[in-house]
Each structure stands twice: as structure tokens, then as C-alpha cells.
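For ligands, and for the atoms within them, numbers begin at 1 and follow the listed sequence.
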Amino acid sequence: MVGEKELIVRKIERGTVIDHIPAGYALHVLKLLGITGKEGMRIAIVMNVESKKLGKKDIVKVENIELSEDTVNRIALIAPTATINIIRDYKVVLKRKVKIPERIEGLLTCINPRCITNQPREPVTPRFRVIERNPLRIVCEYCETIMEHEEIIRQLIGE
Ligand code: CTP
Ligand code: ZN
């Protein structure tokens, strides 16, 4: 809910608004979506604006896209507080909070080079258990190596 005074960027007609992103993470979310700005659709990135729930937050608005389930799951690992709003005809037709699953399978690789999941001859799918949500920390179910949020983000956006 924003009054006239607070409106920073205008509403979009159709597309997706990723709201309640922790402040400072909007660019990671954009990178995850593979959006560079050269695609042509209108994009708004709002950073470090006031939020009742988070203190400060970022928002990413992209016109004319809707996100796959897989993408939403990846966004959860980058921005666990995010809300995905689908906009059609200027209205929010669907609003959902992203959700970090208890177990993460396949999306990430273990940082321990000696982990069984990193042995080329053993096709073992990496699997992690979430041990902390804020900040996100996960543990490898095979070798117990802990991975921190920054490492998780690095893997997801390929840097
Ligand atoms: N929004 C938009 N264009 C629209 C409708 C909504 O860009 N046509 C944006 C709003 O600016 C807001 C987000 O989508 O950032 C969610 O909109 P809305 O549900 O109306 O806002 P809130 O009630 O503040 O959402 P929440 O309860 O999730 O905080
Ligand atoms: Zn491991």
C-alpha cells in the first residue's frame, strides 16, 4: 500500500513485481533472472526503500514476464523474504511468498571438493538441509559441510 507521496515508480500494467527483497539483493535477483536490460521490456529496480516488515527493502518490477516455479524456488534462496506479485491489467492477481524448502536437492553443489557428490564416478545428487533461515545456512547431507548465504548466491548467479 503506497500513498501518492511515497510512490517512487509507477504501477505496471502486466508482469511480475518481486517485492520485499532484503535491501541490497535486487541486483542478485535480476542476475538470477538473466535480465540485463537489453531484452527491451520495461524494468524498475527500487533499492533501499522503507518497509514496515524489513526496515529497508528492494523491489524488482519486470513487465511482461511471469516466472517459472523453478525460478521462484531459486529466488527464495537469494531473497527468502520476497513476495512474488503477478500483475494483469494493473491489478495484483496473485501474491505469494517464496518459500525455502527444508531440503534442497540438485540446485547447488557442495563446496567440499572431497564430498562424495563431487566425485565424477559417483553420480550422487547433492542434497542439503536448511539449518538456519536468516541468514540462510545449509549443511551437506553427505559430508556435513556448512554453506553460507553468500556462497549459495554465488553458485546460483554463477559468479
Ligand atoms: N504493483 C505494481 N503495479 C501494479 C500493482 C502493484 O507495480 N499494477 C506493485 C506495488 O507497488 C507493490 C507490489 O506490486 O510493490 C504489491 O502490490 P500491492 O499488493 O498492492 O501492495 P501491498 O499491499 O503493499 O503489498 P504487500 O502486502 O505484499 O506488502
Ligand atoms: Zn558435501
Side-chain angles (χ1 to χ4, degrees), residues 1-27 29-30 33 35 37 41-67 71-72 75-132 134 136-152 154-156:
M1 218 175 30
V2 283
E4 301 255 326
K5 207 172 90 194
E6 296 97 320
L7 194 61
I8 294 180
V9 288
R10 64 176 174 153
K11 297 200 165 206
I12 64 173
E13 182 179 353
R14 203 185 111 80
T16 298
V17 175
I18 307 166
D19 197 357
H20 304 293
I21 299 169
Y25 288 85
L27 295 180
V29 170
L30 265 189
L33 299 180
I35 291 172
M41 64 274 207
R42 199 144 42 170
I43 299 160
I45 304 159
V46 181
M47 298 180 81
N48 299 319
V49 294
E50 288 62 39
S51 156
K52 284 192 200 91
K53 288 175 234 166
L54 301 176
K56 290 205 162 161
K57 69 171 180 181
D58 288 358
I59 309 170
V60 169
K61 302 189 185 194
V62 187
E63 282 194 328
N64 299 322
I65 69 159
E66 290 192 9
L67 307 174
T71 302
V72 172
I75 290 173
L77 299 180
I78 289 184
T81 53
T83 310
I84 312 288
N85 298 276
I86 307 219
I87 316 291
R88 289 185 198 138
D89 202 13
Y90 289 102
K91 289 188 190 71
V92 177
V93 295
L94 205 124
K95 182 192 291 283
R96 59 188 281 213
K97 286 178 78 93
V98 302
K99 197 167 171 291
I100 298 173
E102 254 151 58
R103 286 199 158 61
I104 296 161
E105 236 180 290
L107 283 178
L108 303 166
T109 57
C110 182
I111 43 163
N112 171 13
R114 285 185 299 281
C115 180
I116 187 168
T117 61
N118 286 319
Q119 306 315 311
R121 281 182 217 146
E122 307 259 0
V124 178
T125 306
R127 215 163 59 206
F128 303 88
R129 203 170 55 247
V130 173
I131 50 175
E132 214 179 302
N134 192 18
L136 182 60
R137 290 173 89 217
I138 62 177
V139 61
C140 174
E141 293 209 330
Y142 294 95
C143 73
E144 303 292 319
T145 297
I146 288 174
M147 301 213 301
E148 312 280 344
H149 197 204
E150 291 309 310
E151 169 63 21
I152 295 165
R154 200 186 58 73
Q155 287 193 17
L156 288 169

Which of the numbered atoms in ligand 1 are below 4.0 angstrom from a heavy atom of [X]?
X	result
Y90	4 (C), 5 (C), 8 (N)
N85	13 (C), 16 (C)
I87	4 (C), 5 (C), 6 (C), 8 (N)
D19	12 (C), 13 (C), 15 (O)

Criterion side chain to side chain contact (heavy atoms under 4.5 Å, CB included) on H20 and S51, from CA distance to verdict: CA-CA 8 Å; H20 304 293; S51 156; 4.2 Å; yes
Criterion side chain to side chain contact (heavy atoms under 4.5 Å, CB included) on M147 and R137, from CA distance to verdict: CA-CA 6 Å; M147 301 213 301; R137 290 173 89 217; over 6 Å; no
Polar contact flag for V17 and ligand 1 (N/O pairs, less than 3.5 Å):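 No: no nitrogen or oxygen of V17 is under 3.5 Å from one in ligand 1.
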Would you say H20 has any N or O atom under 3.5 Å from an N or O of ligand 1, going by distance alone?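 Yes, since at least one N or O of H20 sits under 3.5 Å from an N or O of ligand 1.
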May I ask whether E13 places a heavy atom under 4.0 Å from ligand 1?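 So E13 does not count as touching ligand 1.
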Minimum non-hydrogen distance to atom 19 (O) of ligand 1, winning option of R96, K95, R14, K97: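 When every heavy atom of R96, K95, R14, K97 is considered, K95 comes closest to atom 19 (O) of ligand 1.
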Going by the closest heavy atom to atom 11 (O) of ligand 1, which one wins out of R10, K61, K91?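 The option holding the nearest heavy atom is K61.
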What do you get for the angle at the Zn ion (ligand 2) between SG on C143 and SG on C115, to the nearest 10 degrees?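 Taking the Zn ion (ligand 2) as the apex, I get 110° for this pair.
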Got a donor-acceptor contact below 3.5 angstrom from the [X] side chain to the [Y] backbone?
X	Y	result
T16	V62	no
E102	I131	no
N48	A23	no

Show, in sequence, the C-alpha distance, side-chain angles and deciding distance for V130 and I104, and conclude whether the side chain to side chain contact (heavy atoms under 4.5 Å, CB included) test is met. CA-CA 8 Å; V130 173; I104 296 161; 4.0 Å; yes
Mind running side chain to side chain contact (heavy atoms under 4.5 Å, CB included) on R88 and E66 for me, showing each step along the way? CA-CA 10 Å; R88 289 185 198 138; E66 290 192 9; 3.1 Å; yes
